[in-house]
Amino acid sequence: MSRTTRSSCSRSCRSLLGLLLCLTLLLGMSGCGSGGDEAPVLRVGVALYSQDDTFISALVQHLERLAREEEQQRQIQIRLSVMDGGSNQTTQLEQVDRLIGQDCDVLCVNIVDRTAAAVLVDKAEEADIPLIFFNRQPVAEDIARWEQVYYVGARAEESGTLQGQLVLRSWLSDPEVDRNGDGVLQYVMLEGEPGHQDTLLRTAYSVKVLTDAGVSVEKLAGESASWKRGQAMLKVQQWLPELGEDIEVIFSNNDDMALGAIDAYREAGLTLPVVVGVDATEPALESLRNGELYGTVLNDGKGIAQAMMDLILALTDGSDPADAVELVEEHYVWLPYRAVTLANVDSVMDSGT
Ligand code: GAL
Ligand code: CA
């Protein structure tokens with residue numbers, strides 16, 4: 001089948017599906033689809049950079065739960081095909097080709113390498129399948145290539161700023177943080193994957209809060225541990241013999257790496273400095289409650305999944321996406337971050353985010 005034939009077929013299938021979904025919604029619970037008729041099927045392709053990532057796998061679980069809830073409410077079937085890119089862009093491109101071949105109605109892509117976004121946008125446009133990028137943000141020019149492309153995520157600089165504010169508060173309120181009493185904040189930085197927007201901006205903005213507030217800082221070490229707990233533990237173990245007693249603050253671009261740092265201190269039997277992360281994953285909240293992790297910043301995976309589901313439904317039932325989610329510059333949905341410490345952990349987590 002030629003590309004043109006397949007893409008116009010997929011277009012007409014999708015508009016037919018839209019019509020069926022609309023009818024289901026209009027008829028509500030009044031028996032549409034009764035008498036043994038199959039509920040209309042919505043096919044959603046989800047391509048992940050890596051399923052072996054604590055935050056991403058939790059986000060997908062939220063998406064799966066929401067799909068089940070919407071199936072009940074709307075009397076439709078939602079088939080999520082989740083693919084694990086294994087941190088390899090070539091693999092992910094093949095997976096996206098397969099999802100397009102399966103005639104999915106919407107594509108959700110957590111892109112491995114943001115510089116490959118243009119190719120993906122062109123593939124989606126050619127097949128006329130709306131494309132939602134999430135968590136890993138392509139550059140603005142690529143998002144602007146086609147009107148049916150969206151990005152759902154959180155602003156990286158905001159998480160860096162909130163993390164910096166947590167550290168500033170502890171520095172100003174607790175003289176013990178300045179272990180050597182020299183008035184300078186000695187820190188190390190555990191970075192996520194090189195080139196990721198969250199790595200670059202969290203690293204820069206967290207420290208900027210301190211320097212903007214007039215705090216003198218000294219960076220003792222900084223390296224990428226690619227978001228991973230095990231890698232972070234190894235890095236910190238390498239730093240400890242030389243820097244152990246000098247480190248006053250450990251900034252970590254995410255919680256998994258912060259927990260890796262804590263593992264290294266625990267194993268060495270050393271007193272923990274101030275350790276801060278980002279994400280508010282379950283194990284991080286447990287560590288915070290145990291008094292190990294000083295603070296974290298909630299990365300709202302549940303909210304991201306909800307916005308994605310709202311967009312998916314709007315894009316396939318013929319309604320205006322701008323009525324379903326708060327769209328910024330026609331393409332972006334931004335979720336807010338929130339700072340979490342022992343003082344507010346229960347209220348933040350109870351508030352549903
Ligand atoms: C970040 C998150 C990291 C990691 C990364 C993957 O937003 O804080 O833990 O999941 O996304 O892209
Ligand atoms: Ca000091």
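Counting convention: from 1, in listed order, for ligands and their atoms alike. Everything quoted here is computed from the prediction, not taken from an experiment.
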Query raised in the report: Would you say R202 contacts ligand 1, with heavy atoms under 4.0 Å as the rule?
Result: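 Yes.
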Query - Side chain, backbone, both or neither: N110 near ligand 1, heavy atoms under 4.0 Å - result: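 It is neither; nothing of N110 touches ligand 1.
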Report task. Answer yes or no as to whether an N/O/S atom of V184 is found below 3.0 Å from the Ca ion (ligand 2). Result ->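 Under 3.0 Å: V184 contacts the Ca ion (ligand 2) through an N, O or S atom.
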Query raised in the report: Taking both backbone and side chain into account, is any N, O or S atom of E248 nearer than 3.0 Å to the Ca ion (ligand 2)?
Result: yes
Query raised in the report: Under a 4.5 Å cut-off applied to non-hydrogen side-chain atoms, are V207 and M189 in contact?
Result: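 Yes, side chains in contact.
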Query raised in the report: Would you say I132 and L315 make side-chain contact, with heavy atoms under 4.5 Å?
Result: yes
Report task. Establish, from distance only, whether the side-chain atoms of Q89 and Q92 form a donor-acceptor pair under 3.5 Å. Result -> yes
Query raised in the report: With no hydrogens and no angle check, do the side chains of S50 and D52 hold a donor and an acceptor under 3.5 Å apart?
Result: no
Requested in this report: Would you give the length of the straight line joining atom CD of Q197 to atom CZ of R202, rounded to the nearest 0.5 angstrom?
Outcome: 8.0 Å
**Report entry** N, O or S atom within D182 nearest to the Ca ion (ligand 2), by name
**Finding:**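 When I compare the N, O and S atoms of D182, OD1 is nearest to the Ca ion (ligand 2).
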Query - Heteroatom of D178 nearest to the Ca ion (ligand 2) (N, O or S, atom name) - result: OD1
Query raised in the report: Is it the case that more than 12 heavy atoms not belonging to E326 sit under 6.0 Å from its CD atom?
Result: no
Query - Parallel, tilted or perpendicular: ring planes of Y150 versus H331, cut at 30 and 60 degrees - result: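 Judged by the thresholds at 30° and 60°, the geometry between Y150 and H331 is tilted.
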Would you mind running through ligand 1 and noting each atom that sits below 4.0 Å from a heavy atom of [X]?
X: D279; answer: 2 (C), 3 (C), 8 (O), 9 (O)
X: D198; answer: 1 (C), 7 (O), 11 (O)
X: N135; answer: 1 (C), 6 (C), 7 (O), 11 (O), 12 (O)

Query raised in the report: Any N or O of R136 that comes nearer than 3.5 Å to an N or O of ligand 1?
Result: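 R136 vs ligand 1: N/O contact under 3.5 Å present.
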**Report entry** Min N/O separation E193 to ligand 1 under 3.5 Å
**Finding:** no
Report task. Measure the distance from atom 4 (C) of ligand 1 to every protein heavy atom, then report the residue, atom name and distance (to 0.1 Å) of the closest one. Result -> D53 OD2, 3.4 Å
Requested in this report: Flag the pair D105 and R79 as a salt bridge only when some basic side-chain nitrogen lies within less than 4.0 angstrom of an acidic carboxylate oxygen.
Outcome: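 Answer for the salt bridge query: no.
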Query raised in the report: Closest heavy-atom contact between L342 and R289?
Result: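 Scanning both residues, the minimum pair turns out to be CD1-CA, 3.8 Å.
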**Report entry** With the Ca ion (ligand 2) as the apex, the OD1/OE1 angle for N180 and Q186 - to 10°
**Finding:**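 The two atoms form an angle at the metal of about 100°.
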